[in-house]
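Here the structure is laid out as structure tokens; the discussion comes afterwards.
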There are 2 protein chains.
Amino acid sequence: MVTRTAAQRRAGERGRYDAYLAACPARKLLDRISDKWVSLLLNALADGPQRYSELSRTIAGVSQKMLTQTLRGMERDGLVTRTVTAAVPVRVDYELTPLGASLLPVMTAIKAWAETNIDAVEQARRAYDRHSV
Amino acid sequence: MVTRTAAQRRAGERGRYDAYLAACPARKLLDRISDKWVSLLLNALADGPQRYSELSRTIAGVSQKMLTQTLRGMERDGLVTRTVTAAVPVRVDYELTPLGASLLPVMTAIKAWAETNIDAVEQARRAYDRHSV
DNA sequence: CGGGATCCCGTCGGATACTG
DNA sequence: CAGTATCCGACGGGATCCCG
């Protein structure tokens with residue numbers, strides 16, 4: 001077997017492609033906001049700061065692990081600020097930064113497309129399922 | 001143990017919340033376009049129809065499994081059309097539908113935000129990492 | 001109250017081999 | 001050429017327990 005296998009060739013190409021992808025800002029952002037909890041937290045924090053426990057109740061379905069993990073990630077990316085108030089029961093508030101708030105219009109644009117086109121998508125989906133099942 | 005545990009209460013709330021989420025058009029759309037391969041295919045198909053093998057080479061890093069699976073999903077949602085030309089070697093072309101094409105501006109908006117703000121995000125990230133490591 | 005650490009399971013996605 | 005079928009490893013994310 002002198003020639004490289006298809007898998008080997010693809011592996012080489014993938015290396016460069018992954019590097020290209022990793023450098024792509026749009027993909028980085030998509031990876032971030034496409035996260036289920038990030039988008040929900042963005043919405044929850046849109047109308048003012050909230051405490052950890054408030055967020056926990058607002059989002060309802062989230063586990064502490066994911067709530068903490070997601071908030072940490074967003075804080076790291078400068079999308080939210082974390083403010084600890086030393087009291088007897090500790091108090092922690094989260095708030096959108098200007099950067100985080102600037103993401104809201106983008107979410108709105110996505111939402112707008114979704115709301116106008118979701119019917120067409122679901123119709124196409126039903127049509128597809130009908131003749132293929 | 002008379003009262004329900006926190007987990008039990010959350011489970012109930014999650015049921016309603018999941019239902020709410022499932023009904024949310026914006027989330028459905030996000031789930032779809034946030035997919036790594038969907039966004040790449042959208043871009044690849046932006047400037048005209050392409051054959052299966054062409055897409056395979058354009059995207060480079062994708063496995064046949066994911067390429068086929070993703071294209072099927074997009075076809076189901078009415079974002080692309082699949083045209084089979086019966087010839088000696090079979091020929092299959094994929095093309096964006098108007099619905100699929102209407103998604104491109106949204107992707108552009110996301111890309112625009114990403115390109116103007118990615119520096120701020122990465123700077124915040126470095127600052128965060130510096131004082132916490 | 002606001003988490004950190006750990007365990008565990010389900011699903012996603014890659015590799016490989018085979019087919020019309 | 002354009003897939004389908006199968007195996008399987010990695011990882012995301014929930015549940016649980018514990019701490020400052």
Side-chain angles (χ1 to χ4, degrees), chain A residues 1 4-15 17-18 21 31-32 34-41 49-76 80-95 132, chain B residues 1 4-15 17-18 21 31-32 34-38 40-41 49-75 80-95 132:
Chain A
M1 195 78 79
R4 302 288 152 263
T5 68
Q8 283 174 315
R9 266 187 288 103
R10 223 172 338 115
E13 288 164 356
R14 176 141 31 87
Y17 210 78
D18 285 351
L21 268 186
D31 284 345
R32 181 129 292 281
S34 71
D35 185 288
K36 179 181 179 181
W37 304 120
V38 169
S39 52
L40 289 173
L41 281 172
Q50 271 191 285
R51 303 184 53 172
Y52 182 89
S53 51
E54 287 176 320
L55 288 172
S56 178
R57 259 173 283 110
T58 305
I59 313 292
V62 70
S63 62
Q64 315 99 307
K65 176 183 174 179
M66 289 318 295
L67 183 53
T68 300
Q69 183 175 305
T70 306
L71 285 168
R72 285 287 186 277
M74 292 173 73
E75 186 195 1
R76 190 169 105 98
V80 299
T81 56
R82 179 170 178 269
T83 312
V84 182
T85 310
V88 181
V90 194
R91 176 197 178 96
V92 182
D93 288 272
Y94 291 92
E95 182 174 11
S132 64
Chain B
M1 192 82 76
R4 302 287 152 266
T5 67
Q8 285 173 316
R9 267 186 288 101
R10 226 177 330 119
E13 288 164 355
R14 176 141 31 88
Y17 210 78
D18 284 353
L21 267 186
D31 284 345
R32 182 129 293 282
S34 71
D35 184 288
K36 178 181 179 181
W37 305 121
V38 169
L40 289 173
L41 280 172
Q50 270 190 284
R51 304 182 55 170
Y52 182 90
S53 52
E54 288 176 320
L55 288 172
S56 179
R57 258 174 282 111
T58 305
I59 313 292
V62 70
S63 61
Q64 314 100 307
K65 178 183 174 179
M66 289 317 295
L67 182 54
T68 301
Q69 183 175 305
T70 306
L71 284 168
R72 285 286 187 280
M74 292 173 73
E75 187 195 1
V80 299
T81 55
R82 178 170 179 269
T83 312
V84 182
T85 309
V88 181
V90 194
R91 176 197 178 96
V92 181
D93 287 272
Y94 290 92
E95 183 174 12
S132 63

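Each chain gets a letter, A, B and so on, in the order the sequences are listed, and its residues count up from 1.
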On a heavy-atom basis, the closest approach of A:Met66 and A:Val62 is CB-CG2, 3.9 Å
Closest non-hydrogen contact found for A:Val80 with A:Tyr94 is CG2-CD2, 4.5 Å
Rounded to whole angstrom units, what separation is found between the [atom1] atom of [X] and the [atom2] atom of [N]?
{"X": "B:Gln50", "N": "D:dC1", "atom1": "CD", "atom2": "P", "result": "15 Å"}
{"X": "A:Asp93", "N": "C:dG3", "atom1": "CG", "atom2": "C1'", "result": "15 Å"}
{"X": "A:Arg51", "N": "C:dC1", "atom1": "CZ", "atom2": "C1'", "result": "7 Å"}
{"X": "A:Arg91", "N": "C:dG3", "atom1": "CZ", "atom2": "P", "result": "13 Å"}
{"X": "A:Asp35", "N": "C:dC12", "atom1": "CG", "atom2": "P", "result": "16 Å"}
{"X": "A:Glu75", "N": "C:dG3", "atom1": "CD", "atom2": "C1'", "result": "13 Å"}
{"X": "A:Ile59", "N": "D:dG14", "atom1": "CD1", "atom2": "P", "result": "13 Å"}
{"X": "B:Met66", "N": "C:dC12", "atom1": "CE", "atom2": "P", "result": "9 Å"}

Just jot down the side chain to side chain contact (heavy atoms under 4.5 Å, CB included) partners of [X], sequence neighbours excluded, or say none.
{"X": "A:Arg32", "value": "A:Val38, A:Met74, A:Asp77, A:Leu79, B:Arg125"}
{"X": "B:Ser34", "value": "A:Ser34"}
{"X": "B:Val84", "value": "B:Arg82, B:Val90, B:Val92"}

Within the 4.5 Å heavy-atom criterion, are A:Leu67 and A:Leu41 side-chain neighbours or not?
yes
Are A:Leu71 and A:Tyr52 close enough that some pair of their side-chain heavy atoms sits under 4.5 Å apart? yes
Residues 61-73 of chain B vs salt bridge (Lys or Arg N to Asp or Glu O under 4.0 Å), sequence neighbours excluded, gives none
- Query: OP1, OP2 of C:dC1 versus side-chain N and O of A:Ser53: anything below 4.0 Å?
  - Reply: no
Computed from five pairs at either end and rounded to 10 degrees, the angle between the axes of the helix from C:dC1-D:dG20 to C:dG20-D:dC1 is 50°
Polar atom pairs (N or O), protein with nucleotides 3-5 of chain D, under 3.5 Å:
residue : atom : partner : partner atom : Å
D:dG3   : OP1  : B:Arg72 : NH2          : 3.4
D:dG3   : OP1  : B:Arg82 : NE           : 3.2
D:dG3   : OP1  : B:Arg82 : NH2          : 2.5
D:dG3   : OP2  : B:Tyr94 : OH           : 2.8
D:dG3   : O3'  : B:Arg72 : NH2          : 3.4
D:dT4   : OP1  : B:Arg72 : NH2          : 3.3

